[in-house]
Trainee: 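The structure under discussion is supplied below as structure tokens; questions concerning it will follow.
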Amino acid sequence: MSIRRTMSTTASKEWRDYFMSTHFWGPVANWGIPVAALADTQKSPKFISGKMTLALTLYSCIFMRFAYKVQPRNWLLFACHATNATAQTIQGLRFLNYHYGQEKEKTV
């Protein structure tokens, strides 16, 4: 694709309307949630809230369905919530492993 063609595409009214809409900026703002969840995978599992992790996983699953069903489909929102659902599931598994999967060391 030539530079001139790319510039004319990005200068179109449809392109500007997309970047000035909530269809774009809503998902961009939402990316903070999965980014934080991915950063938290490096922290100790003793700080993970099981209830909040479950709530965020369900929240993302519901919004993945919404992003798919809305017309036109919002793939940016879908990708954001798919990433968050994956990150929260990893956090949930870490939580379960830490609290229920390991033998607790007995203190003497």
Side-chain angles (χ1 to χ4, degrees):
M1 186 183 275
S2 71
I3 293 174
R4 186 175 296 225
R5 188 168 156 199
T6 303
M7 292 299 289
S8 68
T9 301
T10 57
S12 71
K13 182 176 177 357
E14 293 82 17
W15 193 259
R16 284 190 315 269
D17 286 347
Y18 174 70
F19 282 110
M20 297 300 162
S21 71
T22 56
H23 211 72
F24 175 76
W25 287 108
V28 168
N30 264 312
W31 272 101
I33 299 169
V35 168
L38 291 170
D40 286 347
T41 61
Q42 303 303 310
K43 296 179 181 173
S44 173
K46 71 180 178 182
F47 298 113
I48 299 172
S49 166
K51 291 178 182 179
M52 182 56 83
T53 300
L54 178 62
L56 286 169
T57 303
L58 295 175
Y59 160 81
S60 282
C61 289
I62 291 167
F63 271 90
M64 278 176 21
R65 183 182 185 283
F66 169 79
Y68 184 78
K69 289 290 189 179
V70 70
Q71 292 298 323
R73 290 193 171 116
N74 193 334
W75 293 112
L76 186 57
L77 184 64
F78 185 88
C80 170
H81 285 292
T83 303
N84 189 47
T86 302
Q88 295 298 337
T89 300
I90 291 168
Q91 288 292 80
L93 292 172
R94 291 179 67 223
F95 173 84
L96 292 172
N97 186 45
Y98 180 78
H99 289 285
Y100 304 105
Q102 298 175 344
E103 288 291 327
K104 296 287 183 184
E105 292 183 25
K106 294 183 179 182
T107 57
V108 177

Trainee: With rounding to the nearest 0.5 Å, note down the distance linking CD1 in I90 to OG1 in T57.
Mentor: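 Interatomic distance, I90 CD1 to T57 OG1, rounded to 0.5 Å: 10.5 Å.
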Trainee: Taking the six-membered ring for Trp, are H99 and F95 parallel (under 30°), tilted (30 to 60°) or perpendicular (over 60°)?
Mentor: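 The arrangement is tilted - the two ring planes meet at 30° to 60°.
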Trainee: Kindly check if the number of other-residue, nucleotide or ligand heavy atoms within 6.0 Å of CZ (R73) is above 12?
Mentor: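 Buried by this count: over 12 neighbours within 6.0 Å.
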Trainee: So which heavy atom on P34 is nearest to which on C80, and how close?
Mentor: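 The pair with the smallest heavy-atom distance is CG-O, 3.7 Å.
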Trainee: Flag yes if L56 and F66 sit in one hydrophobic cluster, no otherwise; membership is Ile, Leu, Val, Met, Phe, Trp, Tyr, and two members link when side-chain heavy atoms are under 4.5 Å apart.
Mentor: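 L56 and F66: one cluster.
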Trainee: With F24, which residues qualify under side-chain contact (heavy atoms from CB on, under 4.5 Å), at least two apart?
Mentor: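 Scan of F24 (side-chain contact (heavy atoms from CB on, under 4.5 Å), adjacent residues dropped) gives Y18, F19, S21, V28, L76.
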Trainee: Give every residue pair that meets the side chain to side chain donor-acceptor pair (under 3.5 Å) criterion with at least one member in residues 81-92, sequence neighbours excluded.
Mentor: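 Those involving residues 81-92 are S60-H81, S60-N84, N84-Q88, Q91-R94.
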Trainee: Shared ILVMFWY cluster between L77 and L58, side chains joined below 4.5 angstrom?
Mentor: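 Different hydrophobic clusters.
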Trainee: What residues form a ring-ring contact (aromatic ring centres under 6.0 Å, His included) with Y68, not counting sequence neighbours?
Mentor: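 Only W75 meet the ring-ring contact (aromatic ring centres under 6.0 Å, His included) criterion with Y68.
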Trainee: Could you grab the distance from atom CG of N30 to atom CZ of F63, nearest 0.5 Å is fine?
Mentor: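 Result: 7.5 Å between the selected atoms.
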Trainee: Between I48 and L96, is there shared hydrophobic-cluster membership here, with clusters defined by ILVMFWY side-chain heavy atoms closer than 4.5 Å?
Mentor: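 Yes, I48 connects to L96 through the hydrophobic network.
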Trainee: Got a sec, which pairs hit salt bridge (charged side-chain N to carboxylate O under 4.0 Å, His left out) with one end in residues 22-47, sequence neighbours left out?
Mentor: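 Non-adjacent pairs meeting salt bridge (charged side-chain N to carboxylate O under 4.0 Å, His left out): D40-K43.
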Trainee: Restricting to ring-ring contact (aromatic ring centres under 6.0 Å, His included), what partner residues turn up for W25, sequence neighbours left out?
Mentor: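 Result, ring-ring contact (aromatic ring centres under 6.0 Å, His included) vs W25: none returned.
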Trainee: Applying the 4.5 Å side-chain criterion to the ILVMFWY set and letting contacts propagate, would L93 and Y98 be lumped into a single cluster?
Mentor: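 Looking at the clustering, Y98 is in a separate group from L93.
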Trainee: Tell me the closest heavy-atom pair linking V70 and N74, and the distance in Å.
Mentor: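 For V70 versus N74, the nearest heavy atoms are CG1-N, 4.0 Å.
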Trainee: Taking side-chain hydrogen bond (donor to acceptor under 3.5 Å, both in side chains) as the definition, give me every residue that meets it alongside D17, ordered by chain and number, with sequence neighbours left out.
Mentor: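 Scan of D17 (side-chain hydrogen bond (donor to acceptor under 3.5 Å, both in side chains), adjacent residues dropped) gives K13.
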